*Asks:* 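First, the structure itself, so that you have it in front of you.
All figures in this text were calculated on a predicted structure; none of them were measured in a lab. Numbered from 1 within each chain, the chains take letters A, B, ... in sequence-line order.
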2 protein chains.
Amino acid sequence: MKPKARYHHGDLKEALVRAAYVLIAEDGAENFLLSDACRLAGVSTAAPYKHFRDRDEILEIVVARAFDEISGRSMAALAAKGEGTLEGIIAMGEAYVTFAAQEQRLFRLMFGQNPKLKQSESVLREGRRCFTNVIEHVARYCESNRLPGDPRAIAIRLWTFVHGIASLLIDEDYAVVAPDLDVMAMIRETTPLMLAPAGPATSR
Amino acid sequence: MKPKARYHHGDLKEALVRAAYVLIAEDGAENFLLSDACRLAGVSTAAPYKHFRDRDEILEIVVARAFDEISGRSMAALAAKGEGTLEGIIAMGEAYVTFAAQEQRLFRLMFGQNPKLKQSESVLREGRRCFTNVIEHVARYCESNRLPGDPRAIAIRLWTFVHGIASLLIDEDYAVVAPDLDVMAMIRETTPLMLAPAGPATSR
DNA sequence: ACGCAAAAGTTAGTTTGACTAACATGGGAA
DNA sequence: TTCCCATGTTAGTCAAACTAACTTTTGCGT
């Protein structure tokens, strides 16, 4: 008994967000039309404005969910390899880059140029949670291995590096100069190097 | 004798590109209106279409020029510190991040989500030139210091790292978790670590 | 010089998609 | 039951990229 031709949708807000998430993942936020989401949900193009301020508010919610997805994947990867291990840290980085590679369109939106998105309370919260995870677990690794150096500084280095990989990978900038690059190998090789203590230039 | 009210502009194409470059640098590509550039150049909104396929073609030219600007700054920084030196390599990285920080809007456009831009012949050419510089000079450093390891792999690591810094910096993602971060110090500290030879996980 | 084709402008549209106004429906609490 | 108001609808506005059709220069070949 599908509740077909009901005047009221039931949960249009959720339906629109899900449609937007899928459409953006498929075709990018820049090609996302509110009207497409409306068609998927089976409502008119004016209906969303009963639930959202504007188009950007839907994007905000999509981005917050995408951050949550990264957090989940990172934690799962870490748990699989064991917390406080080098392999666990590497697995977190791989999960980050894998998400970016698989969900290029979403990743671009998350770290894209729309400044309004970054001011959203929910986006800020989920984003912070995502990065706090990394910092926390790198700190745990540093402690259990009695490494010197500021865990926070090391975590930021690692995050910076995998974020650089993710960005260049999905924008196909590597393809221009290094088409055969194995980014996962690069993560595995470079992560140990970055765990060295931060300090005034230790040349050689 | 300013050639004021001439029917023909003289060099409208160049004038529009310059106006676009300035406007985008100031307010971002997403807020760039062709009509604003037209007003600055003193022509009607239909005039650009005598010189450009569409709005994107102007963006392509702007991006190519911005890549050229980065190349120039990198080379200047390198020359100032001396080619084949560690300081020179660090200076290139600093120049990259400095450009991103000073010209956030342009940098976002250059590495943004518009896939058409990346297919432009001139953009590809200038982009490739920009990264080839880095690779070439890292290779020179590796040779003159008799470092083991693939210079290309090392250069890609370095570029990835500074690109990660630039991205997170201008999107204000550092501000969320590490507001007091000194990115230039991070470059100086981390670059030497990344010059180690690439190889199967050298843990500790 | 001159004539005229084509380059480079113009004005006046069309189109598209986000957003709004005003109206319609129906679900649920008093 | 009643009726309020959340949630839909239709019809229309607005902005900005782009197009069509016309006009004004420019400059080249004779």
*Asks:* Reckon A:His51 has a side-chain N or O less than 4.0 Å from the OP1 or OP2 of D:dA6?
*Replies:*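 The answer is no; no side-chain N or O of A:His51 sits under 4.0 Å from OP1 or OP2.
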*Asks:* In whole angstrom, what separates A:Asp11's CG from D:dG8's C1'?
*Replies:*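 Computing the A:Asp11:CG to D:dG8:C1' distance gives 15 Å.
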*Asks:* Starting at CZ of A:Phe52 and ending at C1' of D:dG8, how long is that distance when rounded to a whole Å?
*Replies:*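 The answer, rounded to whole Å, is 15 Å.
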*Asks:* Should A:Glu69 and A:Arg73 count as an ion pair when the cut-off is N to O under 4.0 Å?
*Replies:*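 Looking at A:Glu69 and A:Arg73, the cut-off is met.
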*Asks:* With the threshold set at 4.0 Å, does a side-chain nitrogen-carboxylate oxygen contact exist between A:Arg53 and A:Glu60?
*Replies:*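 Salt bridge between A:Arg53 and A:Glu60, a charged N being under 4.0 Å from a carboxylate O: yes.
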*Asks:* Under 3.5 Å, which donor-acceptor pairs do the side chains of residues 20-46 of chain A form with other protein atoms, sequence neighbours left out?
*Replies:*
unit_1, atom_1, unit_2, atom_2, d
A:Asp36, OD1, A:Arg39, NH2, 2.5

*Asks:* Is it true that A:Glu126 and A:Arg129 have a side-chain N and a carboxylate O under 4.0 angstrom from each other?
*Replies:*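 A:Arg129 and A:Glu126: salt-bridged.
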*Asks:* Ion pair present between A:Arg65 and A:Glu14, side-chain N to carboxylate O less than 4.0 angstrom?
*Replies:*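 Looking at A:Glu14 together with A:Arg65, the answer is yes, because their closest N to O distance falls below 4.0 Å.
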*Asks:* Sort me out a list of protein N/O and nucleotides 4-6 of chain C N/O pairs below 3.5 Å, or just none if empty.
*Replies:*
none

*Asks:* Do the two ring centres, one from B:Phe107 and one from B:His163, sit under 6.0 Å apart?
*Replies:*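 Aromatic pair counts; centres sit under 6.0 Å.
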*Asks:* Base contacts versus sugar-phosphate-only contacts with protein, heavy atoms under 4.0 Å: please encode nucleotides 14-21 of chain C as B, S and - from 5' to 3'.
*Replies:* ---SSBBB
*Asks:* Just the rounded figure in Å: distance from P of C:dA24 to NZ of A:Lys50.
*Replies:*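 Atom NZ in A:Lys50 sits about 13 Å away from atom P in C:dA24.
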*Asks:* Strictly below 4.0 Å, N to O, side chains only: are B:Arg140 and B:Glu136 in salt-bridge contact?
*Replies:*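 Yes, B:Arg140 and B:Glu136 are salt-bridged.
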*Asks:* Answer with yes or no after comparing the ring centroid distance for B:Phe111 and B:Phe67 against a 6.0 Å cut-off, counting only values under it.
*Replies:*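 That pair passes the under 6.0 Å test.
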